[in-house]
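Written below as structure tokens is the structure these notes are about.
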Amino acid sequence: MTTIARSTDTLTRDALTVLQPGFVGTTAPDWLLRRIGEGLTSVGLFGRNIATADQLAALTAQLRSERDDVLVAIDEEGGDVTRLEVRTGSSFPGNLALGSVDDTDLTRAVAHELGRRLAACGVDLNWAPSADVNSNPDNPVIGVRSFGADPQLVARHTAAYIEGLQSAGVAACTKHFPGHGDTAVDSHHALPRIDVDLDTLHARELVPFRAAIAAGSKSVMSAHILLPALDPTRPATLSPRVLTGLLREELGYDGLIVTDAVEMQAIASTYGIERGSVLAIAAGADALCVGGGLADEDTVLRLRDALVAAVRAGELPESRLADAAARVRALASWTRAARGSVAGPGAAEGAASGSDIGLVAARRALRVTGSAAPLSSPPYVASFTPVANIAVGDETPWGVGVELSALLPGTATGTYGPSADPSAVLAAAGSRRIVAVVRDEHRHPWMSSALSALLSARPDTVVIEMGVPQAVARGSVHIATHGAARVCGRAAAEALLPTPPLP
């Protein structure tokens with residue numbers, strides 16, 4: 001095993017240290033290992049990098065053969081946003097489900113089990129939890145990723161999640177500071193603006209982040225959002241008033257500040273990734289997340305060189321870059337020590353075995369309205385599928401079709417988009433009972449119209465809402481799962497049986 005064995009000047013090493021890049025493939029490319037040897041301290045993993053638990057463990061071991069303190073990060077929220085189980089759906093129900101149950105012991109236990117599975121595969125920094133207060137029901141990117149719309153509820157579950165995750169030796173990264181909940185724009189595509197006064201910000205958005213800081217969150221992720229009450233010109237990620245003035249000085253946070261992905265259009269299309277990265281570090285950020293969309297060596301070199309050039313031109317104080325790099329190394333030291341203190345089973349056993357707490361939580365999160373005869377024969381499952389946001393992605397399966405097919409062999413399924421024709425659903429269903437699955441019905445008029453037509457023709461239709469249950473409950477039975485994870489689908493399918501399992 002080697003630590004930093006190659007000669008790189010201090011300034012260049014610090015510039016590499018503050019980057020958290022991604023890459024393509026299920027093994028580490030040579031360029032990534034070379035840059036780790038030169039000072040790169042963090043690597044971000046996405047669904048494209050993960051095939052199995054054993055493969056992931058081999059990958060993280062490969063990274064640490066270059067240096068044993070490398071930070072391996074992942075965007076594993078559980079629920080709708082999963083990388084560890086990107087091809088099957090998550091074993092954990094996600095934040096809204098946990099918030100709807102409102103049992104902090106359950107949230108803590110779920111986060112600990114998730115952290116244990118990540119740690120078993122060698123992952124030690126999780127870009128989670130989302131501490132956003134989902135105060136805007138039309139939010140296209142947060143939704144079920146939030147614990148809810150009540151700041152105090154979000155605060156207590158954010159703290160519990162951090163405690164559970166970090167007790168497993170995995171550092172939490174609480175996001176998206178100072179709060180992405182009151183937006184109707186996805187910052188992957190454009191720059192959202194939140195026009196609230198400071199009193200509202202402190203009474204709503206900042207409440208969960210204060211709780212996160214008190215709970216000892218090892219890192220905080222900034223949001224690419226504009227809050228004119230704090231800074232009328234720069235988004236939070238690039239604002240000294242937000243990152244240094246508010247987060248560091250007013251709230252007293254001393255941990256690592258990580259940016260949301262700098263290639264998101266809220267930054268890339270307004271400042272460019274190089275200039276945006278320099279401004280973020282100057283504003284008080286310590287680490288730059290990049291790699292969800294740009295995952296190559298050229299991106300790493302462009303950002304490294306932009307930081308070095310900014311220091312040499314006097315645009316970025318060298319001391320600020322050095323301080324940022326020191327905070328990254330401090331977290332790497334914590335995670336290395338934590339790995340030794342919570343060592344457990346091997347990757348396959350650790351990632352696949354253990355508690356079924358996720359399914360227990362998903363069952364408890366169900367909200368059932370109405371009453372009707374349970375399914376006595378295989379139904380027809382019609383899934384009305386909206387376009388997935390980038391954070392969730394479209395490669396992860398969701399719904400109840402697979403789970404119902406396992407419980408009631410012979411179940412038939414169909415998927416319908418915005419051009420859905422209800423008559424086609426009725427024809428495909430024939431005499432079968434219809435189970436209509438929707439996701440955020442309140443945000444999609446086409447989905448609501450299709451559902452109305454189905455219910456008019458077939459009043460015995462079961463409706464399962466797997467997004468935010470904002471629309472009026474309809475159907476002979478209406479089940480709100482508060483998320484679209486695999487275990488949410490399993491819990492909903494069980495609830496339709498004559499004798500569903502007890503929570």
Side-chain angles (χ1 to χ4, degrees), residues 76-82 85 89-117 126 128-135 137 139 142-168 172 174 181 207-208 211-212 215 354-370 398 400 403 439-440 463-471 473 477-497 500-503:
E76 181 58 54
E77 299 176 15
D80 288 26
V81 178
T82 179
E85 299 179 278
S90 181
S91 300
F92 304 93
N95 284 4
L96 187 62
L98 296 172
S100 71
V101 177
D102 196 13
D103 178 345
T104 53
D105 287 340
L106 178 66
T107 295
R108 192 175 293 107
V110 166
H112 178 82
E113 177 63 14
L114 175 59
R116 188 190 67 77
R117 296 189 191 188
N126 191 9
S130 168
D132 306 295
V133 179
N134 197 53
S135 55
N139 196 312
I142 301 300
V144 296
R145 301 167 65 198
S146 167
F147 289 110
D150 176 4
Q152 296 298 332
L153 179 146
V154 175
R156 60 180 172 265
H157 286 278
T158 295
Y161 192 106
I162 290 165
E163 292 162 0
L165 187 67
Q166 293 187 169
S167 69
T174 307
V207 172
S355 169
D356 64 350
I357 191 68
L359 180 56
V360 170
R363 289 169 177 163
R364 290 183 62 186
L366 292 184
R367 188 176 72 201
V368 181
T369 304
W398 69 282
V400 301
E403 301 299 334
R439 197 168 178 176
D440 290 343
V463 178
I464 301 178
E465 169 64 82
M466 303 195 78
V468 177
Q470 189 75 20
V477 173
H478 184 281
I479 299 176
T481 61
H482 301 94
R486 175 176 54 81
V487 287
C488 296
R490 177 72 182 190
E494 292 174 346
L496 297 176
L497 299 180
L502 293 174

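Annotation: side chain of Pro208 is not in contact with side chain of Thr174 (no heavy-atom distance under 4.5 Å). Two residues are said to be in side-chain contact when any heavy atoms from C-beta on lie closer than 4.5 Å; Asp102 and Arg156 meet this criterion.
When all heavy atoms are compared, the tightest approach of Ala168 to Gly115 is CB-C, 3.6 Å. What you find for Val154 and Gly148 is that their closest heavy atoms are CG2-O, 3.4 Å. Contact between Val487 and Phe92 at its shortest, heavy atoms only, is CG2-C, 3.7 Å. When every heavy atom of Asn95 is checked against every heavy atom of Pro129, the shortest pair comes out as ND2-CB, 4.4 Å. The minimum heavy-atom distance between Pro151 and Val133, with the atom names listed, is CA-CG2, 4.0 Å. Closest of all the heavy-atom pairs between Ala149 and Asn134 is CB-O, 3.6 Å.
Put simply, the side chain of Asp103 gets close to the backbone of Leu106: a donor and an acceptor are under 3.5 Å apart. Side-chain N or O atoms of Glu403 include none that pairs as donor or acceptor with a backbone N or O of Ala492 at under 3.5 Å. Side chain of Glu465 to main chain of Asp440: a donor-acceptor pair is present (N/O by atom type, distance under 3.5 Å, no hydrogens or angles).
For Asp150, there are no salt bridge (Lys or Arg N to Asp or Glu O under 4.0 Å) partners two or more places apart in sequence or in a different chain. Residues passing the side-chain hydrogen bond (donor to acceptor under 3.5 Å, both in side chains) test with Thr481: none are found, sequence neighbours excluded. Qualifying side-chain hydrogen bond (donor to acceptor under 3.5 Å, both in side chains) partners for Ser130, counting only residues two or more places apart in sequence or in other chains: Asp132. For His157, the ring-ring contact (aromatic ring centres under 6.0 Å, His included) partners at least two apart in sequence or on another chain are Phe147. With sequence neighbours left out, the side-chain contact (heavy atoms from CB on, under 4.5 Å) criterion links Ala484 to Asp80, Trp398, Arg439, Met466.
Ile479 contributes atom CD1, which lies 12.0 Å from atom CZ of Arg367 (distance to the nearest 0.5 angstrom). Taking CD1 of Ile162 as the reference point, atom CG of Asn126 lies at 11.0 Å (rounded to 0.5 Å). From Leu359, atom CG reaches atom SG of Cys488 across 9.5 Å, with rounding to the nearest 0.5 Å. For the atom pair CG (Leu153) and OG1 (Thr104), the distance works out to 10.0 Å, reported to the nearest 0.5 Å. With rounding to the nearest 0.5 angstrom, the OH atom of Tyr161 is 11.0 Å from the CD atom of Gln166. From Ser167, atom OG reaches atom CZ of Arg116 across 11.5 Å, with rounding to the nearest 0.5 Å.
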Q: List the steps and the verdict of side chain to side chain contact (heavy atoms under 4.5 Å, CB included) for Arg117 and Ser91.
A: CA-CA 11 Å; Arg117 296 189 191 188; Ser91 300; 3.6 Å; yes
**Q.** Criterion side-chain hydrogen bond (donor to acceptor under 3.5 Å, both in side chains) on Thr82 and Glu76, from CA distance to verdict
**A.** CA-CA 5 Å; Thr82 179; Glu76 181 58 54; 3.0 Å; yes
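Within the structure, salt bridge (Lys or Arg N to Asp or Glu O under 4.0 Å) pairs that include any residue of residues 90-101 do not occur (at least two apart or interchain).
Of the candidates Ile464, Val368, Val400, Leu496 forms a side chain to side chain contact (heavy atoms under 4.5 Å, CB included) with just one, namely Ile464.
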